[in-house]
Every structure is written in structure tokens, then in C-alpha cells.
Amino acid sequence: MGANQGVDLVLNFFWGVTVNAALGIASQLSNAINQLVSNFQVAYNPQLVKLYAQNRTSELFALIRRSSKFSFFLLLYAFIPIFFSSDFILHFWLGKVPEYTEIFVRLMLVYVLIDSLQAPLWLSVLATGDIKKYHLIIGTMMLVNIPLVFVLMKLGLSPIYAWLCRIIINCLIFVERLVYLKIKMGFPIGSYLKTTIVPCSVVLLLIIPPSIITSGLFNDTLRLVILLASNTIIVSVLILLLGLDKEERKSVLGYIKK
């Protein structure tokens, strides 16, 4: 609460209510998207706790990797159309869009996309029950946002840098969570990077160029419709071919056949 509301208070102090309005609108949109992944995460949370309690570490690590990957891919279906059509969506929704709203929406989407990978990590930490040091470290890193944003705004930088700062700190928190799990459980960071981060990054990087081309060729409603249709097809193909390993692909195709 301190990290989120504290940054908003700092921005309000330097930029007034206009920026706060833009932040509020962007938060509504990103929260709605994030709910997709949150519902998915509720399903695998009990399984993480069960595997840890039974000391089945290899299965636990495999579930963490799969959950991170599928959370990312699930969010990607909504991320691309909204990211590249945010201007049209906001004008259609609001009519008059407050300054900075569009860029805030895009930065929040990036933040949520990075965050989607991390949920299985912190849920696994909670399963251990030993959370004092973890929360002290992560909570302190989150609160660092407030003085950093204050300094950046004092230097006269744009409010956009406040969200860039949050994204960078979120990436550092991601690293800290991996290291904490490595120390606590012996979590294989190298395997996680190879089997989860690399496939997710490849799929994301390959979907961006056609999305940029589509955004340049079409406008407004047509752009959104084409992005929704093409993104669904292209992302699905990329996930099946490059995002999943042999066993995951076999499992997904089995569900599709059913």
C-alpha cells in the first residue's frame, strides 16, 4: 500500500490531479486485465503448497516453471491488442483522455506482464511459512520507489519516469525472488531461465513486429479487430511451436482435441 499510494502522492504533489486521474484510469484497465491471470493463479496455488508440504521438490519446481509460463502466455493474449490499440480504446471509453493516460496504460501493462511470471515464486515462498526476511527485503525494495520517484520529480523529469522506475525495481524484485528460492529450496535458476524466460521472451519478441505493422496499416476499430484476430492466431502458433516443451505441447493439444 505504501509503495503504490506513496508514489501517487508524490506525483500528485509535483503534477497535480491530472496525473492522478491518468493513473487511476490506467489502473482500472490494468487491474481488469490482471484479473485474468489472478483467476488462473488461484487454481495452482493449493497444488504448490501441497507439493512443498510433501517435499516433492522436483514436481514443485516443474509446476513453478509451467505456472509462470502459462500465466505469461495467458496475459499475452490481452496484452498485445490493448498495448497497440490503447489510444483508440481510451478515446472510445472516455472521449476526452487525460494527459499521460495512454503511456501509463502501456507501462502498467509491461509491469503486469513481468509480474505475471513472478506469482508462482512468491506463492512458493509463502508455502514455506518462513516469510519474515522475505517480506522485509521485498517490502523495502518496493518502498524505495517513493524516495527515488521524489528525486526524479525534483529533478524536473516527466511523471513517466515514475513508472519506468517501478518497472526496473520490479525486475530487481524478480531477481531477488529467484535468489531467495534458490537459497531456501535449491530452486534451479538456470533451468528456470532456459525453460521459462527464454521461451516467453522469444514469443513476445516475435509477436511485436507484426503488431507494429498492423498498427501502422490500420486505424481505430479495424486495427483493434485485426489485432485481436491475428494476435490470437499468431500467439497460439508461436506458443505451440516455440513456447512449450514436448510434454506441455502434448498436454495442450490433448485438451484442444477434447
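Keep in mind it's a predicted model, so treat the numbers as computed, not measured. All residue numbers in this chain count up from 1 along the given sequence.
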Side chains of Y192 and S68: any donor to acceptor distance under 3.5 Å? yes

Establish whether [X] and [Y] are linked, either directly or via other cluster members, by ILVMFWY side-chain heavy-atom contacts under 4.5 Å.
X	Y	value
L109	L94	yes
L9	W163	no
V179	L126	no
I208	L206	yes
V225	I207	no

Without swapping roles, check the side chain of [X] against the backbone of [Y] for a donor-acceptor pair under 3.5 Å.
X	Y	result
N45	V42	no
K69	T195	yes
S67	I64	no

In the structure I gave you, are the side-chain heavy atoms of [X] and [Y] within less than 4.5 Å of one another anywhere?
X	Y	result
F104	P159	yes
L204	C200	no
Y44	F70	no
L23	V7	no
M108	L29	no
I33	F79	no
T57	M185	no
I197	F174	yes

G2 and I146 have their tightest heavy-atom pair at O-CD1, 3.2 Å

Between [atom1] of [X] and [atom2] of [Y], what distance do you get to the nearest 0.5 Å?
X	Y	atom1	atom2	result
F61	R65	CZ	CZ	8.5 Å
I25	T101	CD1	OG1	4.5 Å
L157	C165	CG	SG	11.0 Å
S158	M153	OG	CE	6.5 Å
I169	I167	CD1	CD1	11.0 Å
T128	K184	OG1	NZ	5.5 Å

When you look at I89 and V105, which way does the side-chain contact (heavy atoms from CB on, under 4.5 Å) test go after all the steps? CA-CA 11 Å; I89 292 170; V105 166; over 6 Å; no

Run the side-chain contact (heavy atoms from CB on, under 4.5 Å) check on L60 and Q54 step by step: do they pass? CA-CA 10 Å; L60 173 64; Q54 295 175 344; over 6 Å; no

Cut-off 3.5 Å, no hydrogens considered: what does the side-chain donor-acceptor table look like for residues 229-245, sequence neighbours left out?
{"from": "S230", "atom 1": "OG", "to": "I226", "atom 2": "O", "distance (Å)": "2.6"}
{"from": "N231", "atom 1": "ND2", "to": "Y77", "atom 2": "O", "distance (Å)": "3.1"}
{"from": "T232", "atom 1": "OG1", "to": "L228", "atom 2": "O", "distance (Å)": "2.6"}
{"from": "S236", "atom 1": "OG", "to": "Y77", "atom 2": "OH", "distance (Å)": "2.8"}
{"from": "S236", "atom 1": "OG", "to": "T232", "atom 2": "O", "distance (Å)": "2.6"}
{"from": "D245", "atom 1": "OD1", "to": "E247", "atom 2": "N", "distance (Å)": "3.2"}
{"from": "D245", "atom 1": "OD1", "to": "E248", "atom 2": "N", "distance (Å)": "2.8"}

Using side-chain contact (heavy atoms from CB on, under 4.5 Å), reason through Y180 and I138 one step at a time and then give a plain yes or no. CA-CA 10 Å; Y180 194 91; I138 300 299; over 6 Å; no

Under 3.5 Å donor-acceptor pairs involving side-chain atoms of residues 118-125, not counting sequence neighbours:
{"from": "Q118", "atom 1": "OE1", "to": "R177", "atom 2": "NH1", "distance (Å)": "2.6"}
{"from": "Q118", "atom 1": "NE2", "to": "N170", "atom 2": "OD1", "distance (Å)": "3.2"}
{"from": "S124", "atom 1": "OG", "to": "P120", "atom 2": "O", "distance (Å)": "2.6"}

Can you sort out the partners of [X] under salt bridge (charged side-chain N to carboxylate O under 4.0 Å, His left out), two or more places apart, ordered by chain and number?
X	result
R249	none
E99	none
D87	R223
R106	E102

